[in-house]
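Report on the structure given below.
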Protein chains: 2
Amino acid sequence: MTFTLDDLAGSGPLPEHDARTRVLETAYRLFYRQGLRATGIDRIIAESGVAKMSFYRHFPSKQALIDAYLDLRHARWMAWLEGRLGKLSSPRDWLAALPGALDDWFRAPGFRGCAFINGHAEAGPDAPAMTVMHKRALAARIERACAEAGLPQPGEVAADLLLAIEGAIVRAQMEGADAAQQPLRRLFARTLSDAGGKQ
Amino acid sequence: MTFTLDDLAGSGPLPEHDARTRVLETAYRLFYRQGLRATGIDRIIAESGVAKMSFYRHFPSKQALIDAYLDLRHARWMAWLEGRLGKLSSPRDWLAALPGALDDWFRAPGFRGCAFINGHAEAGPDAPAMTVMHKRALAARIERACAEAGLPQPGEVAADLLLAIEGAIVRAQMEGADAAQQPLRRLFARTLSDAGGKQ
DNA sequence: CTTGAACAAGACAGGTCTGTCTGTCAACAT
DNA sequence: ATGTTGACAGACAGACCTGTCTTGTTCAAG
């Protein structure tokens, strides 16, 4: 089972599912589209067609729903990335294909940046721990690919690539995918050729 | 007159100033520290020691205050950057000194990322125009330095550097200045040496 | 001295927010 | 048949939000 960009965008109410799933899917869509604070509990309850007490039976507070949303978002985003790049065999190709995969994401309808960057920016220093956990997981995944590709100092290379990715996400969010695509490709190419030449 | 990092952090109530200045300075501090939506009008009014009608006489709505805050933030941040790098003579030194200046900012007490990235993330697609205007002004300033330094294709180089800067801001905000410093320096060095070698 | 502008303090309205509570109903197991 | 469980519907409380309005004070210009 792989996840597609539609899963990242969030689907509709899905009335055949149980109450918890409907609430979580509605929150998944609204939290990403409008932000955490701008999305009220009442709207999530209304759009998911659920009673208020059913909501509070499954999620003790709004914060618990936000945490569940971030957990789900993390799982789906990482699964989408692996599915998008999974057919590639070598770690070197995996790294080279990263900018193209991200560009697909930037151009997907409903793209509004990274849910974890946005959530961290909104919640400030007491943001949910998942916001930084997601980035550490992505950094670890990239570092693994660098190590498997035989690049020297894979931690440093991964840190450089992650910083470029974060910048591309922000640029795509504020100015559109075209503003991020070529700079991201160039920074990737420079970093990888620099690391590859040193080994 | 130059601006320091203290100005970027925002000063206290300053009771000797007039009502509008006190409101704007308080908003400047609270909006950056807590976010736009999390900061209520009542708190700004209370902390600035101003009557509610005095506030609404100078700012017709909260949105107008947000716009004024972003305008002031833009002016101070750009002035701080020019003051921090102004003593450098050549455009090439100016570009080379950018990562160090940004690192100073990342390590300043109260640093919470870029007010314009955060504001854009919070407000979504209908964010105040100043959020993207600030980034375009910074891109134009960097491109000017690239052109004055004689680099070929200064627009592309500036786009690469700006993307790295955005990434460094986000990384510093989420993981601390140490996570951003070295990757930003390396990406700058690679990009500038790549551009310099081509001319 | 008078007049008017700016300001302080705070009540108030109308809306929204989270979270609690009371009913009612259908499905299902014992 | 009867009790249990989960869910729907919606009222309600208490807090907070933006924005308006009233009242009284200070101060400076005419």
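Heavy-atom basis, side chains included; hydrogens, waters and symmetry copies ignored. Order of the sequence lines fixes the chain letters, A, B, ..., with proteins taken first and strands second; residue numbering starts at 1 for each chain.
- Remark: A:Arg33 engages no residue in a side-chain hydrogen bond (donor to acceptor under 3.5 Å, both in side chains) (not counting sequence neighbours).
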Reading 5' to 3' and counting Watson-Crick or G-U wobble pairs with both distances under 3.5 Å, write the dot-bracket notation for DNA chain C, | for bases paired outside the strand. ||||||||||||||||||||||||||||||
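- Residues of residues 60-70 of chain A having a heavy atom closer than 4.0 Å to DNA chain D: none are found.
- The stretch residues 168-190 of chain A participates, sequence neighbours left out, in no ring-ring contact (aromatic ring centres under 6.0 Å, His included) pair at all.
- Neither side chain, A:Thr191 nor A:Asp194, offers a donor N or O lying under 3.5 Å from an acceptor on the other.
- Applying the 4.0 Å criterion to OP1 and OP2 of C:dC7, one finds that B:His58 has a side-chain N or O inside that range.
- Remark: A:Arg144 fails to qualify as a cation-pi partner of A:Trp94 under the 6.0 Å distance and 45° angle criteria applied to the six-membered ring.
- The two atoms that bring B:Leu65 and B:Ala27 nearest to each other are CD2-CB, 3.7 Å, heavy atoms only.
- For the pair B:Ile45 CD1 and C:dC7 P, the computed distance is 13 Å after rounding to whole Å.
- Among residues at least two apart or in separate chains, salt bridge (Lys or Arg N to Asp or Glu O under 4.0 Å) pairs with a member in residues 50-69 of chain B are B:Asp42-B:Lys52.
- In this structure, A:Arg76 satisfies the cation-pi test against A:Tyr28, with its NZ or CZ atom closer than 6.0 Å to the six-membered ring centre and inside 45 degrees of the ring normal.
- In this structure, CD1 of B:Ile41 is placed 18 Å from P of C:dC17, rounded to the nearest angstrom.
- For the pair A:Phe55 CZ and C:dC21 C1', the interatomic distance rounds to 16 Å; values are reported in whole Å.
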Worked verdict on A:Val23 versus A:Ile45 for side chain to side chain contact (heavy atoms under 4.5 Å, CB included): CA-CA 7 Å; A:Val23 167; A:Ile45 287 170; 5.9 Å; no
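- Rounded to an integer number of Å, the gap from B:Ile44 CD1 to D:dC16 P is 16 Å.
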Output one line per pair: protein atom, nucleotide atom from nucleotides 8-15 of chain C, and distance, for all N/O pairs under 3.5 Å.
from: C:dA8; atom 1: OP1; to: B:Arg22; atom 2: NH1; distance (Å): 3.4
from: C:dA8; atom 1: OP1; to: B:Arg22; atom 2: NH2; distance (Å): 3.0
from: C:dA8; atom 1: OP1; to: B:Gly49; atom 2: O; distance (Å): 3.3
from: C:dA8; atom 1: OP2; to: B:Ala51; atom 2: N; distance (Å): 3.4

